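The following block contains the structure, expressed as C-alpha cells.
Since the model is a prediction, treat every value here as computed from it, not as a measurement.
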Amino acid sequence: MKKLLFKISILFALPFLFSCEKEVVDPSEEAQALALVSESREASCQDFSYFHKYDGRVSLGNAWGKLVLVGFAEGVPLQAKKWLLSLHPQVDSIEGETFLYSGVLTIVRLKPNSTCFDATKLMKRLEKHPSVLFANPTFSTPSEDPAVDAWLGVSNEFLVSIEGSGTLAQLEQLVQKTNTKIVFSLSDEIHILSADKKAAGSVLEVVSQFNEQSFITLAEPNLLFQFSPSAASSDRASAARAFSDSKQRFLKKARR
C-alpha cells in the first residue's frame, strides 16, 4: 500500500517538476515582441484634435513622448511638485516653468524612449491628484536642425472673440455652462479663457464647443511653441514670427 501511494505521489508531482523548468527565450524574439507591443500601443494612441470655426477639424496628432505640460494648484512649492512627479515611473525631471495669464505652467520631461502611450497614461494619472489642475500634451514639430527639439504644446488657455457676433452676457453664460474661466480680456470682444480638469471636457474639446456657438466669432487654443536652448538665434526669430503671424491670423479671422 505504501509503495502504491508513493507511486501515485510521484505521478502527481511530475507535472509540477516539469513546469519548474526555466523556459529559454531567444533575446532577438523577446526584443521583437517588445517592439510589437510598443508599436501596438502607439497605434492605439489618441489623436488630439479640435473643431475650428473656419478650417473644420484640426488634427494635432499623437502626444509626444518627451514632454507633458502640467498645471499645479496655486501655491504648490517646487519641492512638492518634484515629490508628486517622482511617484510616477514615466517622469524623468522638471524641464522648466513658464508663466501664462492663468498661472504657472510646469514642463515635465519623460524618461528616454517614452511613447505617446506613456505620455497619455501619465496625463490621466496626474489629473487624479487633487493638487494637479490639468495635464496636457505636447507634439513634435519639424526642425531644420536634427539636433534641435522643436515642439508644440497645448496649454490650458484659449482665445475667444465675440466681435460682431455676440455679447459679453452670452459669453459669461457659456463660461458658466462649461465651467471655464475668463482670465484676461484683451478688449471688450476678445478674451483669454482657461479650462482645467473640472471643465466640460479638455481644453481642445471646450474650444470645439465654443466654436459650435453662433455668437462666438472664433475660438482658438493658446498653443505654445518652443525650440531647445541650443537653437540658433535665427530659429528663435523664426519662432517669434510664427507666434506673431498666428495672433494676426486670429485677429483677422475674428473680424470677418
Side-chain angles (χ1 to χ4, degrees), residues 46 48-53 58 60 63 67-76 78 80-81 84 94-108 119-120 122-124 126-139 151-163 165-213 215-226 243 246-247 249-251 253-254:
Q46 175 185 351
F48 290 87
S49 64
Y50 66 96
F51 173 75
H52 191 277
K53 181 79 94 174
V58 176
L60 299 176
L67 298 175
V68 166
L69 305 181
V70 182
F72 289 90
E74 187 178 358
V76 176
L78 181 60
K81 294 178 183 179
L84 189 150
I94 291 180
E95 181 88 353
E97 293 188 317
T98 187
F99 295 89
L100 304 176
Y101 288 105
S102 57
V104 178
L105 184 67
T106 303
I107 305 168
V108 177
T120 304
L122 175 62
M123 289 186 288
K124 291 179 179 178
L126 284 173
E127 288 194 342
K128 292 181 179 179
H129 293 283
S131 59
V132 173
L133 301 178
F134 65 88
N136 290 344
T138 62
F139 307 91
W151 56 268
L152 182 76
V154 177
S155 74
N156 63 317
E157 296 181 351
F158 59 106
L159 293 84
V160 175
S161 171
I162 54 173
E163 188 173 8
S165 301
T167 65
L168 182 58
Q170 287 176 304
L171 176 61
E172 288 175 339
Q173 187 176 7
L174 183 58
V175 165
Q176 185 176 7
K177 181 181 178 181
T178 55
N179 204 20
T180 53
K181 296 178 183 177
I182 298 177
V183 295
F184 189 78
S185 296
L186 299 171
S187 69
D188 291 338
E189 294 84 18
I190 299 177
H191 308 270
I192 297 176
L193 281 69
S194 68
D196 60 23
K197 64 184 181 183
K198 294 182 179 179
S202 68
V203 65
L204 296 179
E205 291 169 338
V206 170
V207 167
S208 300
Q209 294 175 38
F210 272 69
N211 276 324
E212 289 169 353
Q213 308 302 314
F215 67 89
I216 297 294
T217 308
L218 182 63
E220 290 258 24
N222 189 16
L223 302 174
L224 303 179
F225 185 75
Q226 183 171 311
F243 273 125
S246 177
K247 289 181 179 178
R249 284 197 300 272
F250 174 82
L251 294 174
K253 289 179 179 178

Glu212 CD: over 12 foreign heavy atoms closer than 6.0 Å: yes
Side-chain heavy atoms of Leu126 within contact of Val108, under 4.5 Å: no
Note, Val183 side chain near Ile192 side chain (heavy atom, < 4.5 Å): yes
Any donor-acceptor N or O pair under 3.5 Å, side chains Glu97, Thr106: yes
Gap separating the CG atom of Leu223 from the OG1 atom of Thr138, nearest 0.5 angstrom: 11.5 Å
Option passing side-chain contact (heavy atoms from CB on, under 4.5 Å) with Gln209 (candidates Leu204, Leu174, Ile216, Thr178): Thr178
4.5 Å side-chain heavy-atom contact, Phe158 and Val206: yes
Approximate separation, where rounding is to 0.5 Å, of Lys198 NZ and Thr180 OG1: 14.0 Å
Exam field: side chain Ser161 to backbone Thr217, donor-acceptor pair closer than 3.5 Å: no
For the student: nearest non-hydrogen atoms of Glu220 and His52, plus distance: OE2-NE2, 3.0 Å
Rounded distance (nearest 0.5 Å) linking atom CG of Leu218 with atom CG of Leu159: 9.0 Å
Side-chain heavy-atom pair Val70, His129 within 4.5 angstrom cut-off: no
Atom NZ of Lys181 with >12 non-hydrogen neighbours under 6.0 angstrom: no
Under 3.5 Å: donor-acceptor pair, side chain of Asn136, backbone of Ser155: yes
Side chain proximity check, Leu171 to Phe210, heavy atoms < 4.5 angstrom: yes
Spacing of OG belonging to Ser165 relative to CD belonging to Gln170, to within rounding of 0.5 Å: 9.5 Å
Beyond-backbone contact of Val76 with Leu84, side-chain heavy atoms, under 4.5 angstrom: no
Side-chain donor or acceptor of Asn179 paired with backbone N/O of Ala200 under 3.5 Å: no
Inter-residue atom distance Leu105.CG - Leu69.CG, 0.5 Å rounding: 5.0 Å
Spatial distance of atom CG (Leu168) from atom CZ (Phe215) [nearest 0.5 Å]: 10.5 Å
Donor-acceptor pair, side chain of Lys124 and main chain of Ala135, under 3.5 angstrom: no
Parallel, tilted or perpendicular: ring planes of Phe139 versus Phe48, cut at 30 and 60 degrees: perpendicular
Residue pair Val154 / Tyr50, side-chain heavy-atom distance below 4.5 Å: no
Donor-acceptor side-chain pairing of Ser102 and Glu157 below 3.5 angstrom: yes
Taking every non-hydrogen atom, the tightest pair across Phe134 and Lys197: CB-N, 4.4 Å
